[in-house]
Amino acid sequence: MFRNILALIFVIAGCTNVWAQDGLYTSAQEWPVKISDGWFTARTISFGQYTTSSRKNGIADAAAISFIKDPINPFNIRVSGRDENILIQVIQAAHVAFSGHSLPSFLDNMPATAHFSYILINGTKNEPLKRWEMILKDVNYLELNENKPAGTLRAGDDEVRITAHNRFGTKNSYENICYEFHIRRQVVAAVVTGARPRVWMSAEMEGKPLQPVLVAAIGALLVR
């Protein structure tokens with residue numbers, strides 16, 4: 001009996017490791033993450049060559065999100081590195097606040113009272129006037145088990161699909177939620193949030209205008 005249980009554990013661990021090393025999830029594409037949270041310093045997170053600032057409560061650019069009448073728990077941060085210094089605003093709002101927005105069906109079919117996380121990313125060095133928005137819903141553990149759609153990252157006609165799963169935790173749990181960023185069914189970046197964050201970035205994104213946008217989105221998720 002004990003031997004059978006032990007064998008099963010090794011099989012499960014082996015399957016998890018195979019999945020973790022597949023595609024994007026390789027050590028070559030994983031960025032080191034460090035949390036700085038001292039007695040006299042505000043919490044910041046560095047990942048790869050980028051660093052988040054500490055959180056500042058409130059809205060930094062009210063005009064940009066004026067369509068949301070009753071923002072909940074607003075804060076803003078900056079992500080800097082590689083000559084970038086990107087302003088990111090994070091709020092929560094009810095679905096009804098996005099009635100004037102065209103949303104993907106998995107978001108639009110949510111109840112009007114459902115809360116979304118809304119992240120506005122100001123322009124990057126390469127595209128200073130282009131703003132990206134990320135809209136995320138709360139995902140239940142059954143959706144996490146199946147890596148279901150969780151949100152969208154978009155600007156104009158450009159869109160990156162976001163899914164969420166718990167494959168770095170345990171089934172039927174909210175442990176170690178991992179958000180994946182997809183372009184044409186290919187995962188180009190991923191982040192595990194929580195106490196032990198992890199970040200991956202596809203080598204194909206190196207030098208592309210989208211990379212700092214993905215970095216900003218990941219920074220927002222790390223401090224959210």
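Throughout, numbering of the chain's residues begins at 1 and tracks the sequence. Computed from heavy atoms alone, side chains included, the values below leave out hydrogens, waters and symmetry copies.
K69 and S66 get closest at one heavy-atom pair: NZ-O, 3.3 Å. Residues P212 and T124 come closest through the heavy atom pair CB-CG2, 4.0 Å. V192 approaches C178 most closely through the heavy-atom pair CG2-CB, 3.8 Å.
A distance-only check finds a donor-acceptor pair linking the side chain of H165 to the backbone of R167 [under 3.5 Å]. Checking side-chain atoms of S54 against main-chain N and O of A42 turns up no donor-acceptor pair under 3.5 Å. Although no hydrogens or angles enter the test, the distance criterion places no donor-acceptor pair under 3.5 Å between the side chain of R161 and the main chain of P149. With hydrogens and angles ignored, the 3.5 Å screen pairs no side-chain donor or acceptor of T152 with any backbone N or O of R154. The backbone N or O of G58 lies less than 3.5 Å from a partner atom in the side chain of N76, making a donor-acceptor pair. A donor-acceptor contact shorter than 3.5 Å links the side chain of K208 to the backbone of E204. Side chain of H115 to main chain of A93: no donor-acceptor pair is present (N/O by atom type, distance under 3.5 Å, no hydrogens or angles). The main-chain N or O of N172 is found under 3.5 Å from a side-chain atom of N145 such that the two form a donor-acceptor pair. Formation of a donor-acceptor pair under 3.5 Å by the E146 side chain with backbone atoms of E143 is not found in this model. Panel note: side chain N166, backbone I177; no donor-acceptor pair is recorded below 3.5 Å.
By the 30° and 60° cut-offs, the orientation of the rings of W31 relative to Y50 is parallel. Under the 30°/60° scheme for interplanar angles, the aromatic rings of Y174 and Y141 are found to stand perpendicular. In this pair, Y25 and F168 present their aromatic rings tilted. The plane angle is within the 30 to 60° band.
Counted within 6.0 Å of CG on D158, heavy atoms from surrounding residues, nucleotides or ligands total more than 12; the atom is thus considered enclosed. For CG of N140, the number of neighbouring non-hydrogen atoms (other residues, nucleotides, ligands) closer than 6.0 Å is greater than 12. In this structure, K125 places its NZ atom where more than 12 heavy-atom neighbours from other residues, nucleotides or ligands lie under 6.0 Å away.
Residues V160 and V213 form no side-chain contact, since every pair of their non-hydrogen atoms from C-beta on lies 4.5 Å or further apart.
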Step by step, would you call F47 with K34 a side chain to side chain contact (heavy atoms under 4.5 Å, CB included)? CA-CA 6 Å; F47 51 105; K34 180 180 178 181; over 6 Å; no

Please evaluate residues N147 and T163 with respect to the criterion side-chain hydrogen bond (donor to acceptor under 3.5 Å, both in side chains), reporting the C-alpha separation (whole Å), side-chain torsions for both, the decisive distance (0.1 Å), and the verdict. CA-CA 6 Å; N147 199 22; T163 63; 2.9 Å; yes

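Ion pairing between E180 and K148 fails under the 4.0 Å rule for side-chain N and carboxylate O. A salt bridge is absent between D108 and K137: the closest approach of a Lys/Arg side-chain nitrogen to an acidic carboxylate oxygen does not fall below 4.0 angstrom.
A donor-acceptor contact closer than 3.5 angstrom is absent between the side chains of R43 and S36.
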